[in-house]
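In what follows, chains carry the letters A, B, and so on, assigned in the order in which the sequence lines appear, proteins first and then strands, with residues in each chain numbered from 1.
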Amino acid sequence: MCARYALFGPFSPGNLVPGFVEHVINPLAGFAHYNIAPSLVNPVVVAGGGGPGLESMRWGLLPHWAKDPKIAYSTINARAETLVDKPAFRDAWRRGQRCLVPVTGWYEWVDQGGKRKQPYFLRAADESNPMMFAGLWSRWTDADGKQVATYTVVTTEAMGEVRRVHDRQPQVLPSEAWDTWLQAPVPEAAALLQPIVTALRIHPVGSDVGNPRNQGPSLVERLADAS
DNA sequence: CCAGACGTTGTT
DNA sequence: GTCTGG
DNA sequence: CCAGACGTTGTT
DNA sequence: GTCTGG
């Protein structure tokens with residue numbers, strides 16, 4: 001899957017996620033483009049909009065028992081097929097700590113046979129609203145006793161045109177499933193973890209998307225197709 | 001019993 | 001080539 | 001996932 | 001915290 005995804009606007013808290021305003025934490029009001037990377041704080045949607053210790057969330061789920069926060073770099077994704085059993089994710093799953101991750105799109109890098117990998121932007125066909133990835137979140141306390149909230153993006157088998165660039169993709173949830181994912185009992189949420197065809201536009205972009213220090217709308221401008 | 005992992009992607 | 005930081 | 005570092009001695 | 005490997 002993506003080790004980068006993108007969210008851009010301008011969005012305000014009011015239109016970031018229509019109907020879910022009260023659930024959004026850290027909405028990053030006013031940003032024009034956000035190139036998201038592991039360990040960075042960005043918007044997520046949780047039932048009730050968070051609370052103490054949930055003022056913001058970092059990408060890369062830290063289980064409550066984690067000692068080294070570096071493991072967050074390898075818990076940016078949780079496989080839908082196995083998250084129920086994996087020690088790193090199952091506690092969050094059992095506790096119903098699910099979230100929605102709003103994005104405009106995500107990136108995939110395609111191997112070019114020796115040459116440098118070509119990044120592509122997979123962009124929601126509906127540009128007016130973010131799409132939603134399924135996520136899990138966790139509370140973690142660092143060595144100084146400071147509370148940190150983190151989350152992971154669920155992945156599943158790629159479907160439709162995504163398969164041209166990769167065999168896995170984030171678990172996208174259709175709008176009618178959002179409330180269920182946030183609020184329903186575990187068995188109902190489990191039923192939503194199914195591969196889904198998503199309406200996307202896919203186009204090549206510049207290699208500068210690979211560095212999260214690079215920000216701005218120019219990152220996702222279409223690159224002329226090579227061949 | 002203790003020590004060490006606990007995860008994903010992709011690549012070999 | 002391989003590990004770390006983001 | 002990609003980008004970027006990858007080393008030592010000594011000095012601030 | 002809890003499981004696996006030694």
Using a cut-off of strictly less than 4.0 Å, decide whether A:Lys117 has a side-chain nitrogen or oxygen near OP1 or OP2 of B:dT11.
yes
So if I take every side-chain heavy atom of A:Thr82 and compare against B:dT11, B:dC6, B:dT8, which nucleotide ends up nearest?
B:dT8
Remember a base hit wins even if backbone is also touched, and classify A:Thr152 as base, sugar-phosphate or nothing at under 4.0 Å, heavy atoms.
nothing
Show me the dot-bracket string of DNA chain B, counting Watson-Crick or G-U pairs under 3.5 Å, with | for pairs to another strand and [ ] for crossing ones.
||||||......
In whole angstroms, how far is the C1' atom of B:dG7 from the OH atom of A:Tyr151?
16 Å
Stacking between A:Trp109 and the base of D:dC1 (centre distance under 5.5 Å, interplanar angle under 30°)?
no
Would you please test A:Glu81 and A:Arg168 for salt bridge (Lys or Arg N to Asp or Glu O under 4.0 Å) and show each step?
CA-CA 12 Å; A:Glu81 298 90 336; A:Arg168 304 284 300 172; 2.8 Å; yes
Can you tell if the side chain of A:Pro170 reaches within under 4.5 Å of the side chain of A:Trp106, non-hydrogen atoms only?
yes
What I want to check is whether the side chains of A:Gln147 and A:Thr141 have a donor and an acceptor closer together than 3.5 Å.
yes
Can you confirm whether A:Leu223 sits close enough to A:Glu221 that some side-chain heavy atom of one is under 4.5 Å from a side-chain heavy atom of the other?
no
Between D:dG10 and C:dT2, how far is it from one P atom to the other, in whole Å?
32 Å
If the C1' atom of D:dC1 is compared with that of B:dT9, how far apart are they to the nearest Å?
7 Å
Touch check for A:Arg90, heavy atoms < 4.0 angstrom, all strands: base, sugar-phosphate only, or nothing?
sugar-phosphate
Test item: A:Tyr107 and A:Tyr120 side chains (from C-beta on) under 4.5 Å apart, heavy atoms:
no
Start and end of the DNA chain E segment that chain A contacts, any atom under 4.0 Å from a heavy atom:
E:dG1 to E:dT2
Nearest whole angstrom, please: distance from the C1' of B:dT8 to the CG of A:Leu136.
14 Å
A:Asp91 CG to B:dC6 C1', in whole Å, measures 11 Å
Check the distance between D:dC1's P and A:Asp111's CG and give it to me in whole angstrom.
10 Å
Taking C-beta and beyond as the side chain, do A:Gln169 and A:Leu122 meet within less than 4.5 Å on heavy atoms?
no
The nucleotide from B:dT11, B:dT9, B:dC6 with an atom nearest the side chain of A:Asn77 is B:dT9
Heavy-atom donor-acceptor pair, A:Thr75 side-chain to B:dG7 base, under 3.5 Å
no
Rounded distance in Å - CZ (A:Arg79) to C1' (B:dT8):
8 Å
Please give, in whole Å, the distance from B:dG4 P to A:Lys67 NZ?
11 Å
Using the C1' atom in both, what is the distance from B:dC2 to D:dT11, to the nearest Å?
44 Å
Looking at B:dG7, B:dT9, D:dA3, which one has an atom nearest to any side-chain atom of A:Thr155?
B:dT9
Is the count of non-hydrogen atoms from other residues, nucleotides or ligands lying under 6.0 Å from A:Arg201 atom CZ greater than 12?
yes
If you measure from the P atom in D:dA5 to the same atom in B:dG4, how many Å do you get, rounded?
32 Å
Winner on side-chain proximity to A:Lys86, out of B:dT8, B:dT11, B:dT9, is B:dT8
Over all strands shown, is A:Asn214 touching base, sugar-phosphate only, or nothing at heavy-atom distances under 4.0 angstrom?
nothing
Measure up the A:Trp93 and A:Trp181 rings against each other and bin them: parallel (under 30°), tilted (30 to 60°), perpendicular (over 60°).
tilted
Name each donor-acceptor pair under 3.5 Å that joins a side chain in residues 48-58 of chain A to protein atoms two or more places apart or in another chain, with its distance.
| residue | atom | partner | partner atom | Å |
| --- | --- | --- | --- | --- |
| A:Glu55 | OE1 | A:Gly53 | N | 3.3 |
| A:Glu55 | OE2 | A:Gly53 | N | 3.3 |

Taking the side chain as every heavy atom from C-beta outward, state whether A:Met159 and A:Thr198 have any atom pair closer than 4.5 Å.
no
